[in-house]
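These numbers come from the heavy atoms of this one structure, side chains and all, not from hydrogens, waters or symmetry mates. Given the structure is predicted, the values throughout are model-derived calculations rather than measurements.
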Amino acid sequence: MTAQPHVESLLSAYLDGALAPDEALAVERHLASCRACQQAYEELQATVALLQSVPEVAPPPGLRDDVMRRLQAEAARSGRQEPAAGGGFRRFVTQSPWRFAAAAALVLALAGIGGLATFFAAFSPGGAPAAGPTLMHSARVETVSPEVFDGGVDDAVSGFAAAPERVEADLAIRGEAGGIARGDGDAGAIAAPPAADALRDLPAGGGRTIIRRGSLSVDVDDVQTAYQTVQQLVQDKGGYVESSSLGRETLYNPGRLQRHERPVAHLGLRVPAEQLMDLIEQICLLGDDCTYQTTGEDVTEQYVDTAAYLRTLQAQEARLLELLDQASSVDEVLNVERELWRVRGQIDRIEGQLRYWERASALSSLQVTLREPEPLGFGDRPQGIGGRLLGLLLNALQLLVQSAEWILLGFAVVLPWVLLITLGWWAYRRWR
Amino acid sequence: MQATKRDPDASLIAQLQAGDTAAFAQLLERYQGKMYQLAYRYCGDHHEAYDLTQEIFVKMYRSLDRFRGDALFSTWLYRIAINCCKDYLRSRKHAAIPDEHIAERVGNPTTAATQQPDQLLHQAELQDLIRREIDALPQDWRDVVILRELEGLSYAEISEALGKPEGTIKAWLHRGRQALRERFRALQLFPATFVKEAERGEAR
């Protein structure tokens, strides 16, 4: 009687003779001694008897023929059109629309998760921004590969055989330019009058101090040759190359799934202001499709004001020098010298500013971009309905590949969760 | 132990898979009774059981390519049938049929005709009561009780048909029987002696 609940849980299997012999023997012994379990067993037997008393039902006579008819129809149908994957899919869609909708939603959700994951991976601190796939909506995206040399990095110009010499040439120009900048050359007309009468000695430019800047872009057939020609032109005009880079850039035209790589050169030039337009014109003649832009910043007012201030300071300096001569005590000498020090500091600063303006107005800066023209028809929007259709189709294909990638990625993101949930569900089922 | 047992339907299945529809007629002869009965247990209506049985056989025919013979054909068929019945019950849940209508239904006239008229009513009421009690069980317990008590399948066969380990089947059957035992006692379906003894036992 002590193990009553234990035996009761075994009674069902005991009734079916599904217990191991030793267990069955234990149950028998217990039943002989325990009234309650005996009672439970009898009730269980009665329950089973009641359940089994439900009579069998015979199938109606027409059933067999009806099933056979359905089967013949089915056989004929499957013989005519093999219900392979398509038939299965159609049946799936029509017979379980909810499950189909759920499956579709799942796939979409996976794609969304994958896309988001890609997005966040691209912008998280650890992720490389360029590594993540991105959809390109613009018709054309340019990236310049960083094969830039500036200052003689030889291996950066692989693919350009003549590069090393040119680097040297470039450096030579820069060296000369440095000389000009220091003010001891005569090419740039840098007079740099340190303490002259500024009003009388305005820099060239029709009495106005104007800082001119320009930028220019031109398509050339041969970037290397053009690059060298531009350097020669600048030298001829009395200017110099301030910075330069030579590399390759990649063009994308996602609308037509095109991709093109071409060499490109950037040059930062300094040239005497009066030569700027000439130079632009000559560089434009090197190729086609030339676009340029110039800006002018008139600093005459500031220049005149600052020059006047300089004269005041210089007068003050002269006065202080006089005072220094007249000074009688050491104290006085120190005081005057301190003041003199301050004034001279200001004079230096202002002279520097004036020199900058003079140089900037005398030497204009020009940014030049040289690149090979796009291949014929590369950047074109597809023309005509056929072309546009083809373009859209290619876009759709690209999107398909992209979204497949996202779905896979989404799957990877969700997989640990699925495993976890499955495990939990399995444990729950086992526990139940 | 089932794996080594030869499937009595193996040759028929082979014929059927080869495209011989005559084999289907024999299989139908063999199983239509069992399938109809199972369908009737689940839906409790002869018209619906009729349709459901057709559905079961059509589904069996459609998925015949997927039958690889790792289980007995009969248990595989039961598996299809149970899924059909469950689908049916799920769809019926939305079209909720009131209990009174189910209660009005009576047993199959072909078996009832052999019994005495006064017993007939009593039997019909009792069967309907039992059927409703089975229906009220949790789904898993109900499936096992139907397959074991009404269809007479072995534990191993039920385990195959439901795709669950035998231990689980044993436990579900035990719980289903216990639940029904409680209900039957409450409904006073047991012989009077049981009840008296139970009262005595509880009073003690």
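Distance alone, capped at 3.5 Å, places no donor-acceptor pair between the E149(B) side chain and the Q52(A) backbone.
Only the side chain of L28(B) comes within contact range of chain A, with at least one heavy atom under 4.5 Å from a heavy atom of that chain. Both the backbone and the side chain of Y50(B) come within less than 4.5 Å of a heavy atom in chain A. Of the atoms belonging to A40(A), heavy atoms from both backbone and side chain fall under 4.5 Å from chain B. In this structure, the portion of R41(B) lying under 4.5 Å from any heavy atom of chain A is its side chain and not its backbone. Using a 4.5 Å cut-off between heavy atoms, I56(B) makes no contact with chain A at all. For chain A, the nearby part of I130(B) is the side chain; its heavy atoms alone come within less than 4.5 Å. If you measure heavy-atom distances from R429(A) to chain B, the contacts under 4.5 Å come from the side chain alone.
Shown here is R183(B), whose CZ atom has no more than 12 heavy atoms of other residues, nucleotides or ligands within 6.0 Å. Atom CZ of F411(A) has 12 or fewer neighbouring heavy atoms from other residues, nucleotides or ligands inside a 6.0 Å radius.
When every heavy atom of A58(A) is checked against every heavy atom of Y36(B), the shortest pair comes out as O-CE2, 3.6 Å. Nearest heavy atom pair, residue Q54(B) against residue L63(A), reads CG-CD1, 4.1 Å. The minimum heavy-atom distance linking L51(A) with V145(B) is given by the pair CD1-CG1, 4.1 Å. The minimum heavy-atom distance linking R64(A) with Q32(B) is given by the pair N-OE1, 3.7 Å. Contact record, V54(A) with Q127(B): CA-CG, 4.3 Å, taken as the closest heavy-atom pair. When all heavy atoms are compared, the tightest approach of S9(A) to H174(B) is CA-CE1, 3.4 Å.
Residues passing the side-chain contact (heavy atoms from CB on, under 4.5 Å) test with D51(B): none are found, sequence neighbours excluded. With sequence neighbours left out, the side-chain contact (heavy atoms from CB on, under 4.5 Å) criterion links A24(A) to Y14(A), L19(A).
Looking at L50(A) and L126(B), their side chains come closer than 4.5 Å, going by heavy atoms from C-beta outward. The shortest distance between side-chain heavy atoms of D16(A) and L173(B) falls below 4.5 Å.
When the candidates V67(A), L71(A), V48(A) are compared by the number of heavy-atom contacts under 4.5 Å with chain B, L71(A) comes out ahead. In terms of non-hydrogen atom pairs under 4.5 Å with chain A, the most contact-rich of Q178(B), K170(B), R148(B) is R148(B).
Put simply, the residue from R175(B), R181(B), R177(B) that forms a side chain to side chain donor-acceptor pair (under 3.5 Å) with S12(A) is R177(B).
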